[in-house]
Amino acid sequence: MSSTAENVQEEIDLGPANKVIDKYLTMKGALMPVLQEIQEEYGYIPEPTVHLVAERLNVYSSQIFGVLTFYAQFHLEPRGKYIIRVCMGTACHVKGAGRIADTLEERLGIGHAQTTEDLKFTVEHVACIGACGMAPVIMVNDATFGSLSVQKLDEVIVKYKAMD
Ligand code: FES
């Protein structure tokens, strides 16, 4: 995965990031909206864009990394097209979330906060997502799947694996 990450870093086109910065250049407090839009453009915040933002907004890169690591919404690594959130809240835990998480790890070969090499899936274990009545629950992007059994989980995985 590390060689893939290095290749990704080298291929970063800074054009979209420059466009985002152009938009906010004269605005006070531009850092957060700039970082949010850069993440929307690339799906994460590539390291070269951090240095670009630092240079153009006249802030230290270390300050930007501080912001990026403080706010959970920002990601410094590429993420999968499909983000699978496995609820590990109390209701889901009681109804077998651990087995769901283990099965997912077996099927995809990735655990919490990891991304498949083909950048298709990222798995995240999260706190209650507010659907306790359907425990155990996972979300794939915006879609919720509840009352999961291993068999039902397998059906969800097969469905998303077949999608582009
Ligand atoms: S504990 Fe899982 S949805 Fe609430």
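When a ligand or atom number is given, it counts from 1 through the structure's own listing order. Worth saying up front: this structure is predicted, and the values here are computed from it rather than measured.
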Charged N to carboxylate O under 4.0 angstrom, Lys19 versus Glu41?
no

Give the atom numbers and elements of ligand 1 that come within less than 4.0 Å of a heavy atom of Ala131.
3 (S)

Only residue of Ile157, Leu108, Val140, Thr115 satisfying side-chain contact (heavy atoms from CB on, under 4.5 Å) with Phe121 is Leu108

Quick check: does Cys92 have an N/O/S atom under 2.8 Å of atom 2 (Fe) of ligand 1?
yes

What I'd like to find out is whether the side chain of Leu76 reaches to under 4.5 Å of the side chain of Tyr44, using heavy atoms alone.
no

Gln39 side-chain N/O to His75 backbone N/O, donor-acceptor pair under 3.5 Å
yes

Under 2.8 Å from atom 4 (Fe) of ligand 1, is there an N/O/S atom belonging to Cys128?
yes

So, Asp164 and Lys81, do they make that salt bridge, N to O below 4.0 Å?
no

Taking only heavy atoms of Ile129, which atoms of ligand 1 are found under 4.0 Å from at least one of them?
3 (S)

Identify, by atom number and element, the atoms of ligand 1 in contact range of Cys132, meaning under 4.0 Å from any of its heavy atoms.
1 (S), 3 (S), 4 (Fe)

Is it the side chain (CB and beyond), the backbone, both or neither of Cys87 that lies under 4.0 Å from ligand 1, heavy atoms counted?
side chain

Check whether more than 12 heavy atoms from other residues, nucleotides or ligands sit under 6.0 Å from atom CG of Asp118, and answer yes or no.
yes

What are the atoms of ligand 1, with element, lying closer than 4.0 Å to any heavy atom of Ala91?
1 (S)

